[in-house]
Amino acid sequence: MNILKIELQNINSLKCEIPIVIDFEHPRFEDVGLFAITGPTGAGKTTLLDAITIALYRKVPRFEKSGNVARLEDVVSYGAAMAMARITFEAQQQRYEAQWNIRLTSNTGKPLGKPVETVRLKNLTSEQIVAETKTGCDEKIVEITQLNYEQFLRSVLLAQGEFAAFLSAKNSEKGLLLQQIAGDEIYRKIGEALKNRIADEKRVLEQIRNKINTADLLDGESMKLLEVETAQLQNNQIELQNDLHKVEEVLQWYARRDKLEQQKQEIAANRAQLESETTENTPLLQLLEKHEAAEPFKAIVAETERLEQEKMKKEARTSAIETELTDLDAKLTIAVAEENDCHTKTTESEQSARDWQPLLEKVTALDTQINIYKTAIADKQIATQELEKSHAGLLSSLQTKTDEEKRLQITEAQLKTYFDEHPYIPAIEKQLGEWSRQLTERKSNRERMTALSESVSKAKIVLQENTTTLELIGKSHK
(Lines give C-alpha, C1' and ligand atoms only; values in the text may rest on other atoms or scores of the structure.)
Protein backbone atom coordinates (compact mmCIF):
# COMPACT_ATOMS: atom_id res chain seq x y z
CA MET A 1 0.00 0.00 0.00
CA ASN A 2 1.35 3.44 -1.02
CA ILE A 3 -0.36 6.67 0.10
CA LEU A 4 -0.30 9.22 -2.75
CA LYS A 5 -2.44 12.13 -1.48
CA ILE A 6 -4.03 13.34 1.79
CA GLU A 7 -6.96 15.79 1.82
CA LEU A 8 -8.77 17.04 4.93
CA GLN A 9 -11.00 19.88 6.07
CA ASN A 10 -12.17 21.03 9.52
CA ILE A 11 -10.55 18.21 11.50
CA ASN A 12 -9.31 19.04 15.03
CA SER A 13 -7.17 22.19 14.95
CA LEU A 14 -6.92 22.34 11.14
CA LYS A 15 -10.04 24.42 10.49
CA CYS A 16 -10.20 25.83 6.96
CA GLU A 17 -12.64 27.07 4.32
CA ILE A 18 -11.13 24.93 1.53
CA PRO A 19 -9.62 21.44 1.91
CA ILE A 20 -5.95 21.07 2.82
CA VAL A 21 -4.18 18.97 0.16
CA ILE A 22 -0.85 17.13 0.57
CA ASP A 23 0.03 15.62 -2.81
CA PHE A 24 3.07 13.34 -2.63
CA GLU A 25 3.10 13.10 -6.45
CA HIS A 26 3.68 16.84 -6.86
CA PRO A 27 6.86 17.75 -8.79
CA ARG A 28 8.30 19.41 -5.67
CA PHE A 29 8.42 15.96 -4.01
CA GLU A 30 10.36 14.29 -6.82
CA ASP A 31 13.42 12.32 -5.74
CA VAL A 32 12.32 12.53 -2.09
CA GLY A 33 12.56 9.19 -0.32
CA LEU A 34 11.67 10.17 3.26
CA PHE A 35 9.01 12.54 4.64
CA ALA A 36 8.93 14.07 8.13
CA ILE A 37 5.98 15.77 9.84
CA THR A 38 7.39 18.49 12.14
CA GLY A 39 5.95 21.41 14.07
CA PRO A 40 5.18 22.67 17.58
CA THR A 41 2.68 20.99 19.87
CA GLY A 42 -0.89 21.55 18.70
CA ALA A 43 0.12 22.42 15.14
CA GLY A 44 -1.83 19.43 13.76
CA LYS A 45 0.83 16.77 13.13
CA THR A 46 -1.25 13.95 14.59
CA THR A 47 -4.35 15.31 12.83
CA LEU A 48 -2.81 14.36 9.48
CA LEU A 49 -2.43 10.78 10.72
CA ASP A 50 -5.98 10.85 12.12
CA ALA A 51 -7.26 11.87 8.67
CA ILE A 52 -5.71 8.71 7.19
CA THR A 53 -7.36 6.33 9.68
CA ILE A 54 -10.69 8.18 9.49
CA ALA A 55 -10.80 8.04 5.68
CA LEU A 56 -9.91 4.33 5.65
CA TYR A 57 -11.48 2.89 8.82
CA ARG A 58 -13.56 5.77 10.40
CA LYS A 59 -11.60 5.36 13.64
CA VAL A 60 -9.16 7.50 15.66
CA PRO A 61 -6.37 5.66 17.58
CA ARG A 62 -6.19 8.32 20.30
CA PHE A 63 -9.84 7.80 21.27
CA GLU A 64 -9.37 4.05 21.68
CA LYS A 65 -6.13 4.51 23.63
CA SER A 66 -7.83 6.76 26.16
CA GLY A 67 -10.78 4.40 26.52
CA ASN A 68 -13.31 6.98 25.24
CA VAL A 69 -16.19 6.13 22.95
CA ALA A 70 -15.02 6.83 19.40
CA ARG A 71 -17.43 9.56 18.23
CA LEU A 72 -16.26 11.01 14.97
CA GLU A 73 -18.22 14.24 15.46
CA ASP A 74 -15.68 15.04 18.19
CA VAL A 75 -12.91 15.43 15.56
CA VAL A 76 -14.82 18.21 13.77
CA SER A 77 -13.21 21.61 14.34
CA TYR A 78 -15.00 23.83 16.86
CA GLY A 79 -17.70 25.90 15.16
CA ALA A 80 -17.47 24.03 11.83
CA ALA A 81 -20.64 22.67 10.20
CA MET A 82 -18.94 19.83 8.33
CA ALA A 83 -15.68 17.92 8.03
CA MET A 84 -14.03 15.77 5.38
CA ALA A 85 -11.11 13.35 5.09
CA ARG A 86 -9.98 11.78 1.81
CA ILE A 87 -6.86 9.85 0.83
CA THR A 88 -5.64 8.53 -2.49
CA PHE A 89 -3.59 5.37 -2.30
CA GLU A 90 -2.18 2.63 -4.52
CA ALA A 91 -2.62 -1.09 -3.83
CA GLN A 92 -2.52 -4.21 -6.00
CA GLN A 93 -1.41 -2.07 -8.98
CA GLN A 94 -4.66 -0.04 -8.78
CA ARG A 95 -5.35 3.53 -7.59
CA TYR A 96 -8.15 4.04 -5.06
CA GLU A 97 -9.77 6.99 -3.29
CA ALA A 98 -11.33 6.59 0.19
CA GLN A 99 -13.49 9.48 1.42
CA TRP A 100 -15.38 10.27 4.64
CA ASN A 101 -17.77 13.20 5.15
CA ILE A 102 -19.83 14.35 8.13
CA ARG A 103 -22.35 17.20 8.44
CA LEU A 104 -23.45 18.57 11.83
CA THR A 105 -25.93 21.24 10.66
CA SER A 106 -28.56 21.59 7.98
CA ASN A 107 -28.30 23.99 5.05
CA THR A 108 -30.10 26.62 7.14
CA GLY A 109 -27.52 26.30 9.95
CA LYS A 110 -29.78 24.40 12.36
CA PRO A 111 -27.89 21.71 14.37
CA LEU A 112 -28.86 18.16 13.39
CA GLY A 113 -29.98 15.74 16.09
CA LYS A 114 -27.95 12.99 14.43
CA PRO A 115 -24.95 13.95 12.27
CA VAL A 116 -25.15 12.88 8.62
CA GLU A 117 -22.14 10.67 7.84
CA THR A 118 -21.28 9.40 4.34
CA VAL A 119 -18.44 7.22 3.01
CA ARG A 120 -17.24 6.26 -0.46
CA LEU A 121 -14.54 4.04 -1.95
CA LYS A 122 -13.70 4.64 -5.62
CA ASN A 123 -11.37 2.84 -8.04
CA LEU A 124 -9.60 5.68 -9.86
CA THR A 125 -8.04 3.30 -12.38
CA SER A 126 -11.39 2.04 -13.70
CA GLU A 127 -13.41 5.13 -12.60
CA GLN A 128 -15.92 2.88 -10.79
CA ILE A 129 -17.52 3.27 -7.34
CA VAL A 130 -16.48 0.23 -5.29
CA ALA A 131 -18.68 0.87 -2.22
CA GLU A 132 -20.80 3.64 -0.67
CA THR A 133 -21.88 2.00 2.60
CA LYS A 134 -19.93 1.68 5.84
CA THR A 135 -20.04 -2.12 5.86
CA GLY A 136 -19.15 -2.34 2.17
CA CYS A 137 -16.23 0.08 2.55
CA ASP A 138 -14.90 -1.80 5.59
CA GLU A 139 -14.94 -5.13 3.73
CA LYS A 140 -13.41 -3.73 0.53
CA ILE A 141 -10.63 -1.82 2.38
CA VAL A 142 -9.54 -5.03 4.12
CA GLU A 143 -9.77 -6.95 0.82
CA ILE A 144 -7.73 -4.37 -1.12
CA THR A 145 -5.06 -3.48 1.48
CA GLN A 146 -4.95 -6.96 3.11
CA LEU A 147 -4.88 -5.08 6.47
CA ASN A 148 -7.60 -4.63 9.05
CA TYR A 149 -7.60 -1.66 11.44
CA GLU A 150 -5.39 -3.30 14.11
CA GLN A 151 -2.90 -4.62 11.53
CA PHE A 152 -2.77 -1.17 9.88
CA LEU A 153 -1.87 0.47 13.21
CA ARG A 154 0.84 -2.11 13.93
CA SER A 155 2.48 -2.21 10.49
CA VAL A 156 1.82 1.22 8.92
CA LEU A 157 0.75 3.78 11.51
CA LEU A 158 2.17 3.37 15.02
CA ALA A 159 -0.05 5.26 17.48
CA GLN A 160 1.42 8.41 19.03
CA GLY A 161 3.48 7.83 22.21
CA GLU A 162 3.60 4.02 22.05
CA PHE A 163 7.02 3.78 20.40
CA ALA A 164 8.55 6.42 22.70
CA ALA A 165 7.12 4.60 25.73
CA PHE A 166 8.67 1.37 24.49
CA LEU A 167 12.15 2.92 24.15
CA SER A 168 12.10 4.48 27.63
CA ALA A 169 10.43 1.58 29.46
CA LYS A 170 12.17 -0.85 31.81
CA ASN A 171 13.09 -4.32 30.62
CA SER A 172 10.24 -5.83 32.64
CA GLU A 173 7.74 -3.46 30.98
CA LYS A 174 8.96 -3.73 27.37
CA GLY A 175 7.34 -7.14 26.89
CA LEU A 176 3.90 -5.76 27.79
CA LEU A 177 4.37 -2.67 25.57
CA LEU A 178 5.58 -4.86 22.71
CA GLN A 179 2.43 -6.94 23.06
CA GLN A 180 0.32 -3.78 22.90
CA ILE A 181 2.15 -2.51 19.79
CA ALA A 182 2.60 -5.73 17.82
CA GLY A 183 -0.22 -7.82 19.33
CA ASP A 184 0.13 -10.76 21.71
CA GLU A 185 -0.90 -13.41 19.23
CA ILE A 186 2.72 -14.35 18.36
CA TYR A 187 3.64 -14.71 22.04
CA ARG A 188 0.63 -16.90 22.65
CA LYS A 189 1.69 -19.12 19.76
CA ILE A 190 5.27 -19.31 21.11
CA GLY A 191 3.94 -20.26 24.55
CA GLU A 192 1.75 -22.98 23.07
CA ALA A 193 4.70 -24.34 21.06
CA LEU A 194 6.87 -24.41 24.20
CA LYS A 195 4.13 -26.18 26.17
CA ASN A 196 3.80 -28.79 23.43
CA ARG A 197 7.59 -29.26 23.28
CA ILE A 198 7.81 -29.67 27.09
CA ALA A 199 4.98 -32.20 27.03
CA ASP A 200 6.71 -34.19 24.26
CA GLU A 201 10.03 -34.20 26.15
CA LYS A 202 8.28 -35.31 29.34
CA ARG A 203 6.69 -38.19 27.46
CA VAL A 204 10.09 -39.24 26.06
CA LEU A 205 11.66 -39.01 29.54
CA GLU A 206 8.85 -41.10 31.00
CA GLN A 207 9.36 -43.73 28.29
CA ILE A 208 13.10 -43.87 29.11
CA ARG A 209 12.36 -44.21 32.81
CA ASN A 210 9.91 -47.01 32.12
CA LYS A 211 12.58 -48.88 30.14
CA ILE A 212 15.02 -48.84 33.09
CA ASN A 213 14.85 -52.12 35.02
CA THR A 214 16.63 -52.38 38.36
CA ALA A 215 17.08 -56.11 37.86
CA ASP A 216 19.46 -55.44 34.94
CA LEU A 217 21.98 -53.41 37.00
CA LEU A 218 25.57 -54.76 37.27
CA ASP A 219 27.18 -55.95 40.50
CA GLY A 220 30.21 -54.23 42.10
CA GLU A 221 32.96 -56.40 40.53
CA SER A 222 31.51 -56.08 37.03
CA MET A 223 31.22 -52.37 37.55
CA LYS A 224 34.91 -52.09 38.50
CA LEU A 225 35.94 -54.09 35.45
CA LEU A 226 33.86 -51.82 33.27
CA GLU A 227 35.40 -48.76 34.91
CA VAL A 228 38.95 -50.11 34.29
CA GLU A 229 38.03 -50.89 30.68
CA THR A 230 36.47 -47.48 30.29
CA ALA A 231 39.63 -45.80 31.64
CA GLN A 232 41.79 -47.78 29.22
CA LEU A 233 39.50 -46.88 26.33
CA GLN A 234 39.67 -43.23 27.31
CA ASN A 235 43.51 -43.36 27.44
CA ASN A 236 43.59 -45.06 24.04
CA GLN A 237 41.21 -42.45 22.71
CA ILE A 238 43.46 -39.65 23.99
CA GLU A 239 46.52 -41.24 22.37
CA LEU A 240 44.67 -41.72 19.10
CA GLN A 241 43.46 -38.12 19.20
CA ASN A 242 47.06 -36.93 19.74
CA ASP A 243 48.28 -39.06 16.81
CA LEU A 244 45.40 -37.80 14.71
CA HIS A 245 46.27 -34.24 15.64
CA LYS A 246 49.88 -34.76 14.56
CA VAL A 247 48.80 -36.32 11.28
CA GLU A 248 46.42 -33.42 10.67
CA GLU A 249 49.25 -30.95 11.33
CA VAL A 250 51.49 -32.76 8.82
CA LEU A 251 48.66 -32.77 6.26
CA GLN A 252 48.02 -29.09 6.89
CA TRP A 253 51.75 -28.37 6.47
CA TYR A 254 51.79 -30.15 3.11
CA ALA A 255 48.59 -28.37 2.09
CA ARG A 256 50.12 -25.01 3.06
CA ARG A 257 53.29 -25.88 1.13
CA ASP A 258 51.29 -26.74 -1.99
CA LYS A 259 49.25 -23.59 -1.58
CA LEU A 260 52.40 -21.46 -1.17
CA GLU A 261 53.96 -23.05 -4.25
CA GLN A 262 50.83 -22.27 -6.21
CA GLN A 263 50.79 -18.70 -4.89
CA LYS A 264 54.47 -18.34 -5.77
CA GLN A 265 53.78 -19.36 -9.36
CA GLU A 266 50.79 -17.04 -9.55
CA ILE A 267 52.85 -14.14 -8.13
CA ALA A 268 55.59 -14.73 -10.71
CA ALA A 269 53.05 -14.79 -13.52
CA ASN A 270 51.32 -11.68 -12.17
CA ARG A 271 54.68 -9.91 -11.83
CA ALA A 272 55.57 -10.58 -15.45
CA GLN A 273 52.12 -9.48 -16.56
CA LEU A 274 52.34 -6.37 -14.39
CA GLU A 275 55.70 -5.41 -15.88
CA SER A 276 54.27 -5.86 -19.36
CA GLU A 277 51.17 -3.79 -18.53
CA THR A 278 53.33 -1.11 -16.89
CA THR A 279 55.32 -0.74 -20.10
CA GLU A 280 52.15 -0.58 -22.19
CA ASN A 281 50.32 1.86 -19.85
CA THR A 282 53.17 4.36 -19.35
CA PRO A 283 51.07 7.20 -20.95
CA LEU A 284 48.15 6.33 -18.67
CA LEU A 285 50.43 6.37 -15.63
CA GLN A 286 51.59 9.85 -16.58
CA LEU A 287 47.95 10.95 -16.84
CA LEU A 288 47.31 9.33 -13.46
CA GLU A 289 50.10 11.40 -11.88
CA LYS A 290 48.48 14.55 -13.30
CA HIS A 291 45.09 13.39 -11.98
CA GLU A 292 46.54 12.86 -8.50
CA ALA A 293 48.01 16.36 -8.63
CA ALA A 294 44.53 17.76 -9.46
CA GLU A 295 42.70 15.52 -6.96
CA PRO A 296 42.75 18.08 -4.06
CA PHE A 297 40.72 20.50 -6.24
CA LYS A 298 38.10 17.87 -7.22
CA ALA A 299 35.79 18.57 -4.28
CA ILE A 300 35.85 22.31 -4.98
CA VAL A 301 34.99 21.79 -8.67
CA ALA A 302 32.24 19.31 -7.80
CA GLU A 303 30.80 21.66 -5.17
CA THR A 304 30.86 24.53 -7.68
CA GLU A 305 29.01 22.43 -10.26
CA ARG A 306 26.51 21.28 -7.63
CA LEU A 307 25.85 24.85 -6.52
CA GLU A 308 25.33 25.98 -10.10
CA GLN A 309 22.88 23.12 -10.73
CA GLU A 310 21.08 23.82 -7.46
CA LYS A 311 20.89 27.51 -8.39
CA MET A 312 19.33 26.62 -11.75
CA LYS A 313 16.87 24.25 -10.07
CA LYS A 314 15.87 26.88 -7.50
CA GLU A 315 15.40 29.49 -10.21
CA ALA A 316 13.22 27.08 -12.18
CA ARG A 317 11.33 26.13 -9.02
CA THR A 318 10.81 29.81 -8.12
CA SER A 319 9.41 30.47 -11.59
CA ALA A 320 7.16 27.43 -11.34
CA ILE A 321 5.94 28.49 -7.88
CA GLU A 322 5.14 31.99 -9.13
CA THR A 323 3.22 30.52 -12.06
CA GLU A 324 1.47 28.13 -9.74
CA LEU A 325 0.52 30.95 -7.35
CA THR A 326 -0.98 32.89 -10.24
CA ASP A 327 -2.96 29.83 -11.32
CA LEU A 328 -4.05 29.16 -7.74
CA ASP A 329 -5.32 32.73 -7.34
CA ALA A 330 -7.40 32.35 -10.48
CA LYS A 331 -8.62 28.91 -9.39
CA LEU A 332 -9.47 30.26 -5.92
CA THR A 333 -11.63 32.98 -7.46
CA ILE A 334 -13.37 30.41 -9.65
CA ALA A 335 -13.79 28.02 -6.71
CA VAL A 336 -15.42 30.73 -4.55
CA ALA A 337 -17.84 31.54 -7.37
CA GLU A 338 -18.58 27.85 -7.88
CA GLU A 339 -19.16 27.39 -4.14
CA ASN A 340 -21.72 30.21 -4.12
CA ASP A 341 -23.34 28.70 -7.20
CA CYS A 342 -23.41 25.30 -5.50
CA HIS A 343 -25.13 26.76 -2.42
CA THR A 344 -27.79 28.32 -4.67
CA LYS A 345 -28.26 25.08 -6.62
CA THR A 346 -28.46 23.08 -3.38
CA THR A 347 -31.28 25.32 -2.09
CA GLU A 348 -33.09 24.97 -5.43
CA SER A 349 -32.60 21.20 -5.38
CA GLU A 350 -34.06 20.90 -1.90
CA GLN A 351 -37.10 22.96 -2.93
CA SER A 352 -37.44 20.83 -6.07
CA ALA A 353 -37.25 17.66 -3.96
CA ARG A 354 -40.07 18.95 -1.73
CA ASP A 355 -42.15 19.77 -4.85
CA TRP A 356 -41.53 16.34 -6.34
CA GLN A 357 -42.52 14.42 -3.17
CA PRO A 358 -46.29 14.21 -4.04
CA LEU A 359 -45.43 13.21 -7.60
CA LEU A 360 -43.16 10.46 -6.30
CA GLU A 361 -46.04 9.10 -4.23
CA LYS A 362 -48.21 9.05 -7.38
CA VAL A 363 -45.39 7.29 -9.23
CA THR A 364 -45.31 4.64 -6.49
CA ALA A 365 -49.06 4.08 -6.86
CA LEU A 366 -48.72 3.89 -10.65
CA ASP A 367 -45.87 1.38 -10.27
CA THR A 368 -48.18 -0.82 -8.17
CA GLN A 369 -50.91 -0.56 -10.83
CA ILE A 370 -48.39 -1.31 -13.58
CA ASN A 371 -47.34 -4.48 -11.76
CA ILE A 372 -51.01 -5.52 -11.61
CA TYR A 373 -51.34 -4.85 -15.34
CA LYS A 374 -48.17 -6.84 -16.02
CA THR A 375 -49.68 -9.82 -14.17
CA ALA A 376 -52.96 -9.47 -16.15
CA ILE A 377 -51.03 -9.20 -19.42
CA ALA A 378 -49.08 -12.35 -18.61
CA ASP A 379 -52.37 -14.20 -17.91
CA LYS A 380 -53.85 -12.89 -21.17
CA GLN A 381 -50.77 -13.95 -23.09
CA ILE A 382 -51.10 -17.49 -21.70
CA ALA A 383 -54.82 -17.55 -22.65
CA THR A 384 -53.95 -16.19 -26.10
CA GLN A 385 -51.38 -18.92 -26.64
CA GLU A 386 -53.94 -21.56 -25.66
CA LEU A 387 -56.49 -20.02 -28.07
CA GLU A 388 -53.90 -19.94 -30.84
CA LYS A 389 -53.17 -23.63 -30.28
CA SER A 390 -56.92 -24.39 -30.36
CA HIS A 391 -57.32 -22.27 -33.48
CA ALA A 392 -54.49 -24.13 -35.21
CA GLY A 393 -56.17 -27.46 -34.36
CA LEU A 394 -59.52 -26.22 -35.71
CA LEU A 395 -57.84 -25.01 -38.92
CA SER A 396 -56.24 -28.42 -39.38
CA SER A 397 -59.58 -30.18 -38.80
CA LEU A 398 -61.28 -27.74 -41.18
CA GLN A 399 -58.69 -28.48 -43.89
CA THR A 400 -59.26 -32.20 -43.43
CA LYS A 401 -63.04 -31.79 -43.75
CA THR A 402 -62.61 -29.53 -46.79
CA ASP A 403 -60.50 -32.18 -48.51
CA GLU A 404 -63.13 -34.80 -47.64
CA GLU A 405 -65.90 -32.55 -49.05
CA LYS A 406 -63.97 -32.11 -52.33
CA ARG A 407 -63.52 -35.86 -52.57
CA LEU A 408 -67.27 -36.42 -52.00
CA GLN A 409 -68.13 -33.77 -54.62
CA ILE A 410 -65.90 -35.54 -57.15
CA THR A 411 -67.61 -38.83 -56.32
CA GLU A 412 -71.04 -37.17 -56.68
CA ALA A 413 -70.08 -35.77 -60.09
CA GLN A 414 -68.84 -39.16 -61.20
CA LEU A 415 -72.13 -40.75 -60.11
CA LYS A 416 -74.16 -38.10 -61.90
CA THR A 417 -72.21 -38.60 -65.09
CA TYR A 418 -72.66 -42.32 -64.78
CA PHE A 419 -76.41 -41.93 -64.28
CA ASP A 420 -76.64 -39.68 -67.31
CA GLU A 421 -74.87 -42.21 -69.47
CA HIS A 422 -76.91 -45.16 -68.18
CA PRO A 423 -80.40 -43.88 -67.40
CA TYR A 424 -82.09 -47.20 -67.76
CA ILE A 425 -79.83 -49.70 -66.08
CA PRO A 426 -82.02 -52.47 -64.71
CA ALA A 427 -79.65 -53.09 -61.86
CA ILE A 428 -80.03 -49.57 -60.50
CA GLU A 429 -82.47 -50.79 -57.92
CA LYS A 430 -79.82 -53.05 -56.45
CA GLN A 431 -77.52 -50.06 -55.81
CA LEU A 432 -80.14 -47.81 -54.27
CA GLY A 433 -79.34 -49.08 -50.81
CA GLU A 434 -75.65 -48.35 -51.18
CA TRP A 435 -76.36 -44.94 -52.67
CA SER A 436 -78.75 -44.18 -49.89
CA ARG A 437 -76.08 -45.10 -47.33
CA GLN A 438 -73.52 -42.92 -49.11
CA LEU A 439 -75.96 -40.07 -49.31
CA THR A 440 -76.69 -40.35 -45.60
CA GLU A 441 -72.98 -40.40 -44.84
CA ARG A 442 -72.42 -37.35 -47.05
CA LYS A 443 -75.20 -35.46 -45.28
CA SER A 444 -73.68 -36.37 -41.94
CA ASN A 445 -70.26 -35.16 -43.12
CA ARG A 446 -71.77 -31.91 -44.42
CA GLU A 447 -73.45 -31.32 -41.04
CA ARG A 448 -70.14 -31.91 -39.23
CA MET A 449 -68.37 -29.53 -41.62
CA THR A 450 -71.01 -26.87 -40.97
CA ALA A 451 -70.62 -27.30 -37.20
CA LEU A 452 -66.84 -27.11 -37.50
CA SER A 453 -67.09 -23.95 -39.64
CA GLU A 454 -69.30 -22.35 -37.01
CA SER A 455 -66.84 -23.37 -34.26
CA VAL A 456 -63.93 -21.90 -36.25
CA SER A 457 -65.86 -18.66 -36.80
CA LYS A 458 -66.56 -18.40 -33.07
CA ALA A 459 -62.91 -19.09 -32.28
CA LYS A 460 -61.84 -16.36 -34.71
CA ILE A 461 -64.26 -13.93 -33.05
CA VAL A 462 -62.90 -14.82 -29.56
CA LEU A 463 -59.32 -14.48 -30.87
CA GLN A 464 -60.13 -11.06 -32.35
CA GLU A 465 -61.71 -9.97 -29.03
CA ASN A 466 -58.65 -11.17 -27.08
CA THR A 467 -56.33 -9.39 -29.54
CA THR A 468 -58.31 -6.16 -29.11
CA THR A 469 -58.23 -6.57 -25.32
CA LEU A 470 -54.46 -7.14 -25.37
CA GLU A 471 -53.95 -4.03 -27.50
CA LEU A 472 -56.05 -1.97 -25.07
CA ILE A 473 -54.11 -3.34 -22.09
CA GLY A 474 -50.80 -2.62 -23.86
CA LYS A 475 -51.86 0.96 -24.59
CA SER A 476 -53.00 1.41 -20.98
CA HIS A 477 -49.72 -0.07 -19.72
CA LYS A 478 -47.68 2.30 -21.90
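Everything numeric in this text was worked out from a predicted model, so none of it was measured.
- Once rounded to the nearest 0.5 Å, the distance linking OG1 of T88 with CG of N2 reads 11.0 Å.
- A side-chain donor-acceptor contact under 3.5 Å links T318 to the backbone of K314.
- A donor-acceptor distance shorter than 3.5 angstrom exists from the side chain of T282 to the backbone of T279, with no hydrogens or angles considered.
- Around the NZ atom of K45, the shell of radius 6.0 Å holds more than 12 heavy atoms that belong to other residues, nucleotides or ligands.
- A distance-only check finds a donor-acceptor pair linking the side chain of N10 to the backbone of M82 [under 3.5 Å].
- Between the side chains of N101 and Q99, at least one donor-acceptor pair of N or O atoms lies under 3.5 Å.
- For E471 and K475, the salt-bridge test fails: no basic side-chain N is under 4.0 Å from an acidic carboxylate O.
- The neighbour count for E17 CD, taken as heavy atoms of other residues, nucleotides or ligands under 6.0 Å away, does not exceed 12.
- N270 contributes a side-chain N or O that, together with a main-chain N or O of E266, makes up a donor-acceptor pair within less than 3.5 Å.
- In summary, E117 and R103 do not engage in a salt bridge, as defined by a charged side-chain N under 4.0 Å from a carboxylate O.
- Within the model, atoms OG1 of T118 and CH2 of W100 stand 9.0 Å from one another, a figure rounded to the nearest 0.5 Å.
- Salt-bridge check for E348 with K345: failed, with every basic side-chain N at 4.0 Å or more from each acidic carboxylate O.
- With hydrogens and angles ignored, the 3.5 Å screen pairs a side-chain donor or acceptor of S77 with a backbone N or O of N12.
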* Going through the distances and angles, do E143 and K140 end up as a salt bridge (charged side-chain N to carboxylate O under 4.0 Å, His left out)? -> CA-CA 5 Å; E143 178 182 345; K140 289 297 181 181; 3.5 Å; yes
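- In this structure, CE in M84 is found 11.5 Å from CD1 in I54, a value given to the nearest 0.5 Å.
- Taking NZ of K264 as the start and CG of L260 as the end, the distance is 10.0 Å to the nearest 0.5 Å.
- With respect to the salt-bridge test (charged N to carboxylate O, under 4.0 angstrom), the residues E97 and K5 do not qualify.
- Counting heavy atoms from C-beta outward, Q9 and I20 have side chains that stay 4.5 Å or more apart.
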* To do: Apply side chain to side chain contact (heavy atoms under 4.5 Å, CB included) to T333 and D329, showing your working.
  => CA-CA 6 Å; T333 303; D329 290 337; 5.6 Å; no
* For T108 and S106, run side-chain hydrogen bond (donor to acceptor under 3.5 Å, both in side chains): C-alpha distance rounded to whole Å, both residues' side-chain angles, the deciding distance at 0.1 Å, then the answer. => CA-CA 5 Å; T108 58; S106 63; 3.0 Å; yes
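- With hydrogens and angles ignored, the 3.5 Å screen pairs a side-chain donor or acceptor of D23 with a backbone N or O of E25.
- Under the 3.5 Å distance criterion, the side-chain polar atoms of K122 are left unmatched by any main-chain donor or acceptor of Q128.
- Rounded to the nearest 0.5 angstrom, L14 CG and C16 SG are separated by 7.0 Å.
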* Step by step, would you call I144 with L121 a side chain to side chain contact (heavy atoms under 4.5 Å, CB included)? -> CA-CA 11 Å; I144 292 169; L121 179 62; 3.9 Å; yes
* Which is it for I11 and V76 under the side chain to side chain contact (heavy atoms under 4.5 Å, CB included) test, yes or no, and what are the steps along the way? -> CA-CA 5 Å; I11 295 182; V76 181; over 6 Å; no
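- Rounding to the nearest 0.5 Å gives a distance of 9.5 Å between CD1 of I18 and CD of E339.
- Ring orientation note: the planes of Y96 and F89 are close to parallel, at an angle under 30° on the 30°/60° scale.
- Proximity of a side-chain donor or acceptor of E132 to a complementary backbone N or O of I129 within less than 3.5 Å is not detected.
- Taking 4.5 Å as the limit, every side-chain heavy atom of P115 sits out of range of all side-chain heavy atoms of L112.
- A side-chain donor-acceptor contact under 3.5 Å links T133 to the backbone of G136.
- Side-chain contact between I102 and V75 is absent, with no heavy atoms from C-beta onward closer than 4.5 Å.
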* Can L49 and I37 be said to form a side chain to side chain contact (heavy atoms under 4.5 Å, CB included), step by step? -> CA-CA 10 Å; L49 306 180; I37 304 175; 4.2 Å; yes
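- Nearest approach of G44 to S13, heavy atoms of both residues: CA-OG, 3.9 Å.
- In terms of heavy-atom proximity, V119 sits nearest to R58 at CG1-CD, 3.4 Å.
- A distance-only check finds a donor-acceptor pair linking the side chain of T469 to the backbone of E465 [under 3.5 Å].
- Between F152 and the options T53, V142, I141, T145, a side-chain contact (heavy atoms from CB on, under 4.5 Å) holds for only T53.
- Nearest heavy atom pair, residue A55 against residue A85, reads CB-O, 3.7 Å.
- The two atoms that bring N123 and R95 nearest to each other are OD1-O, 3.3 Å, heavy atoms only.
- Under 4.0 Å is where a charged nitrogen must lie from a carboxylate oxygen, and between E324 and R28 at least one such pair does.
- More than 12 heavy atoms of other residues, nucleotides or ligands lie within 6.0 Å of CG in L325, so this atom counts as buried by the packing criterion.
- Between K114 and E73 there is no salt bridge, since none of the side-chain N atoms of the basic residue sits less than 4.0 Å from a carboxylate O of the acidic one.
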